[in-house]
Amino acid sequence: MKKKLLRYLNPISQLGNSHYSLVFPLITSLCTVLLLEFIVYVLLGNPEAVGLFAIFIFVFLIIYFSFRDGIKGGLTATAVTIAYYFYIMHSRDYTGDRLRSGIETTFALGLLYIALASIIGWLKQTIDVLIEKESDEKRRFQTIMQQLPVGVIVTNNKGVIEFANKHADIILGTKVPLGFTVGENFFVNVIESNPSPPSQSILAKVLSTGKPVINEFFLIEKVNKKKVYIDVSASPIKNTKGQVIAAAEILNDVTTQRELEKRKDDFINMASHELRTPLTSLKLYLTALQKKLQKNQHETELKIFNSIMSQTDRLQNLVSELLDVSRLQTGKLTFTKEPVALHTLINDVIDELQTSMEGVTISYKFQTQVEVSADKFRLYQVLTNLISNAAKYSPGKKTIHVRLKKIPKYALVSVQDFGIGINKEEQKRIFERLYQVPEPQEKTYPGLGMGLYISSEIIKRHRGKIWVESIKGKGSTFYFRLPLSKT
Ligand code: ADP
């Protein structure tokens, strides 16, 4: 109540409020007149004592009401003041020179009061319009944010949550606590995150690094015990000087997509396991049959047979790639590391591939012998994938350069072709699982988009890095680097 009264009386609290009162200034000014009259007549017993006193009090009232109630308030107080001055002259029997100078003073003061009320009142009204405009914008912005079909959380630059829309509450299953400071503590129960572990909230990360975070996944448990997967992206918000002034986060419930993806992964896992067993037996029978045909020198049958064998090998490769993808997904791909002479391994891969690649010239250059600690079989797989791709995606221009060199702390391998090349936008995506460049030309090449994903995971798990440099139509160079063995 007291607070409400104070807010009503305080002109600063009324800024932005364009409902200007006439009654309040009128009644207050009239009450002041009555009070003054009471003081001079009853308390002081000297009606003449009012003069200077009244000027000060009414100047204050005019300023106050102009600031509180705009031009309307200021002019109301001015009107009461001038009327009061006339009343004083009349009630105190001003005559002759005294009356003339009283009227002149009232006229001069009246003009001054009107100017004062108009200027201050106009300023107050302009400020109100500006504030209203700004809060209209704010309201419009908040309405848009509220109705976005994704969860939105905004913090200030100190990480204090200032805004959250209702979708954020729905996705997280709890009311987002405004005023909560994001950091190492979460206001929801985070069970899992990718990348893990979730050491701090994404918004805190964004604020401390000043860089955006895209698509991090969290598994959270809602208050009602329901588990949901959320996809979180966040970005720092900077002012024109580049200083971080806030951070905003976007949340998406991706539980349904996740479940579908899991079903797809389970299917790939099951199918590849089911296919592997009959294929292994088939390969064994075929090998036995091949030996027989070779012995009996059935040349024509042997030719057909070799085609069957190479198609079976392709099928087996595809199935083992599918199995690898599934193992990578479930974290079951294991590595047996040993010292590997990389220069020799590359030579072996080239020797093996060269026999099956007709019309392809593979040149190999290495500066020095290089040893790394790695899973030999898996590195073999990476090199085979890169060199086979180089040949596959280079129709007609089948020269491939393989290079190995030592750079500080790392061995660097590159495989260069002069084939179809890859667009800049696709270069990052080709290392994703099951990603193939979505261009008609690309569709003519056989493959399922698993090789580079497996290769990049293998390299990453050897604490290495894989990347590509390419120009569309000119060719590509795939690089990978691995830490050198500590000798
Ligand atoms: P795929 O089995 O389809 O070859 P990969 O994972 O090995 O799968 O490659 C993914 C995609 O990257 C390919 O579909 C192809 O579009 C592109 N790609 C890979 N290597 C090359 C290359 N040397 N030149 C051009 N494009 C390539």
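Whatever order the structure lists ligands and atoms in, that order sets their numbers, starting from 1.
Not a single heavy atom of Phe431 sits less than 4.0 Å from an atom of ligand 1. Remark: distances from the non-hydrogen atoms of Ser476 to ligand 1 include one below 4.0 Å. Not a single heavy atom of Glu321 sits closer than 4.0 Å to an atom of ligand 1.
In summary, the atoms of ligand 1 found under 4.0 Å from a heavy atom of Leu452, numbered by their order in the structure, are 5 (P), 6 (O), 7 (O), 9 (O), 10 (C), 12 (O), 19 (C). Near Gln436, the atoms of ligand 1 lying under 4.0 angstrom from a non-hydrogen atom of the residue are 3 (O), 14 (O). Atoms of ligand 1 found under 4.0 Å from any heavy atom of Asn385 (numbered from 1 in listed order, with element): 7 (O). The contact set between ligand 1 and Lys392, taken as ligand atoms under 4.0 Å from a residue heavy atom, comprises 1 (P), 2 (O), 4 (O). The contact set between ligand 1 and Val437, taken as ligand atoms under 4.0 Å from a residue heavy atom, comprises 16 (O).
For Gln381 and Arg378, the side-chain atoms include at least one donor-acceptor pair closer than 3.5 Å. In this structure, a donor-acceptor pair under 3.5 Å is present between the side chains of His273 and Asn269. With hydrogens and angles left out, the side-chain atoms of Ser21 and Asp69 include no donor and acceptor closer than 3.5 Å. At a cut-off of 3.5 Å, with distance as the only test, no side-chain donor of Gln125 or Tyr20 sits close to an acceptor on the other residue.
With salt bridges taken as basic N to acidic carboxylate O contacts below 4.0 Å, none links Lys303 and Glu299.
Not a single N or O atom of Ile420, backbone or side chain, sits closer than 3.5 Å to an N or O atom of ligand 1. Distances between N or O atoms of Leu448 and those of ligand 1 include at least one value under 3.5 Å. In terms of polar-atom proximity, defined here as any N/O pair under 3.5 Å, Gly449 does make such a contact with ligand 1.
Contacts between Met450 and ligand 1 below 4.0 angstrom, taking non-hydrogen atoms only, involve the backbone exclusively. Only the side chain of Asp417 comes within contact range of ligand 1, with a heavy atom under 4.0 Å; no backbone atom does. Here Tyr435 has backbone heavy atoms under 4.0 Å from ligand 1, and that is the only part of it that gets that close. Contacts with ligand 1 closer than 4.0 Å are made by heavy atoms of both the backbone and the side chain of Asn389.
Residues Phe480 and His462 keep their aromatic ring centres 6.0 Å or farther apart. For an aromatic pair to be called close, the ring centres must be under 6.0 Å apart, and Phe366 with Tyr364 satisfies this.
In terms of the side-chain contact (heavy atoms from CB on, under 4.5 Å) criterion, residue partners of Asn239 (sequence neighbours excluded) are, by chain and number, Lys241, Gln243, Ile245.
Side-chain contact check for Gln316 versus Asp313: some heavy-atom pair is nearer than 4.5 Å.
For atom 15 (C) of ligand 1, the choice among Tyr453, Phe478, Tyr393 with the nearest heavy atom turns out to be Tyr393.
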Quick one, Gln257 with Tyr229, criterion side chain to side chain donor-acceptor pair (under 3.5 Å). Give me CA distance, side-chain angles, the key distance, then yes/no. CA-CA 9 Å; Gln257 288 100 303; Tyr229 276 101; over 6 Å; no
